[in-house]
2 protein chains.
Amino acid sequence: MKNITEKIVKLFKEGNCTPQIAKIAKKLKEPSTTIHYNIKKLEKEGAIKTYKAIFDYKKIDEGFCVFVLISLSPDEYGNPEKIGKDLAKHPEVESVDICTGNWEMILKVRVKDQDTYYNLVKNVISRRGINKIVSLTSLKQLKTEFVTL
Amino acid sequence: MKNITEKIVKLFKEGNCTPQIAKIAKKLKEPSTTIHYNIKKLEKEGAIKTYKAIFDYKKIDEGFCVFVLISLSPDEYGNPEKIGKDLAKHPEVESVDICTGNWEMILKVRVKDQDTYYNLVKNVISRRGINKIVSLTSLKQLKTEFVTL
DNA sequence: ATAGTGAATTGAATAATATTCAATAATATA
DNA sequence: TATATTATTGAATATTATTCAATTCACTAT
């Protein structure tokens with residue numbers, strides 16, 4: 001037995017999906033060529049970044065979800081994007097935002113369990129330039145990525 | 001001219017996409033029927049919730065993104081999901097999480113601009129049961145929904 | 001070990017869908 | 001009003017998903 005599902009999940013996280021033009025056409029009661037034209041226009045304008053799958057993360061071994069509020073050390077205020085882009089490279093990181101307020105950065109992270117998260121904090125998140133972090137663990141997700149669970 | 005794009009964007013937020021089986025098959029060098037079988041299995045197990053589009057939100061008039069940390073009033077501690085599910089109904093709300101720590105709930109919200117957000121806070125987020133909120137406005141998004149921008 | 005069971009893989013045939021293209025219509029611009 | 005640009009659409013084609021049946025694989029109990 002090949003373990004294909006893991007590879008599929010990985011591909012689905014970033015894309016490898018496509019619009020259902022025929023179904024959209026039926027729903028909107030328009031010709032499929034019109035829908036096709038408008039979708040391609042949205043893609044060319046860059047309004048649509050990609051098409052991807054949304055998961056029940058518990059079922060793909062990523063049930064532990066944490067919001068990480070990050071306070072940067074003052075010498076990093078001038079270039080928060082450098083740290084942010086580094087953190088964004090990690091596949092466990094769902095989102096990276098540079099923010100206003102008491103925290104300069106917010107991560108949303110998905111891992112298997114608390115142990116895995118602890119290792120991520122030690123090995124990835126704790127680094128020079130990061131002054132303080134507050135971890136808010138999600139106990140229950142009611143909606144993600146605009147999809148109600 | 002019909003304004004179809006708005007309707008398409010709305011449909012794409014929750015689904016109306018589908019996997020690209022042929023392309024995945026080529027990437028993984030497996031027969032497309034094998035890929036098909038494995039994807040359908042993931043769907044039946046409920047591991048895949050839906051297939052949808054990811055946007056450059058600035059280009060679809062949702063450039064203002066805020067993380068809302070919510071403190072519930074003590075009489076709501078027993079049933080935070082009621083408020084959460086109500087909030088999840090609103091299309092501006094990308095995610096709703098029940099959390100540990102100083103805040104019992106975290107929202108991620110996307111609207112057009114600060115004015116629209118102000119109205120959302122007044123009309124939707126401020127309600128009985130919500131004790132205190134802290135809004136962390138995203139100044140720059142480096143990664144969203146696992147997609148690097 | 002091995003027979004038996006259910007699950008996974010796969011090729012061939014078919015059904016469904018996206019895409020291309022050219023014609024027309026609508027809108028914007030000068 | 002004339003002209004250029006953009007949007008809509010039907011018909012033809014290319015691509016892709018899906019179905020089905022056959023085979024292989026993995027696991028369990030004897």
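Letters A, B, ... are given to chains in the order of the sequence lines, protein chains preceding strands, and every chain is numbered from 1.
- The phosphate of D/dT6 (OP1 or OP2) has no side-chain N or O of A/K41 nearer than 4.0 angstrom.
- Regarding A/I24, its CD1 atom lies at a distance of 15 Å from the C1' atom of C/dT19, rounded to whole Å.
- A/K52 forms no cation-pi arrangement with A/F12, by the criterion of a distance under 6.0 Å to the ring centre and an angle within 45° of the ring axis.
- Residues forming a ring pair (Phe, Tyr, Trp, His ring centres under 6.0 Å) with B/F67 (at least two apart in sequence, or on another chain): none.
- The separation between A/K29 atom NZ and D/dT9 atom P is 15 Å, rounded to whole Å.
- A side-chain donor-acceptor contact under 3.5 Å links A/T116 and A/D113.
- Annotation for A/V96: hydrophobic cluster partners, listed by chain and number, are A/F64, A/V66, A/V68, A/I70, A/L72, A/Y77, A/I83, A/L87, A/V93, A/I98, A/M105, A/L107, A/V109, A/V111, A/Y117, A/L120, A/V121, A/V124, A/I125, A/I130, A/I133, B/L142 (ILVMFWY side-chain heavy atoms under 4.5 Å, direct or chained).
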Protein proximity profile, nucleotides 9-18 of chain C - base contact B, sugar-phosphate-only contact S, no contact -, cut-off 4.0 Å on heavy atoms: BBBB----SS

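- The closest donor-acceptor contact from the side chain of B/D97 to the backbone of A/Q141 lies at 3.5 Å or more, if one exists at all.
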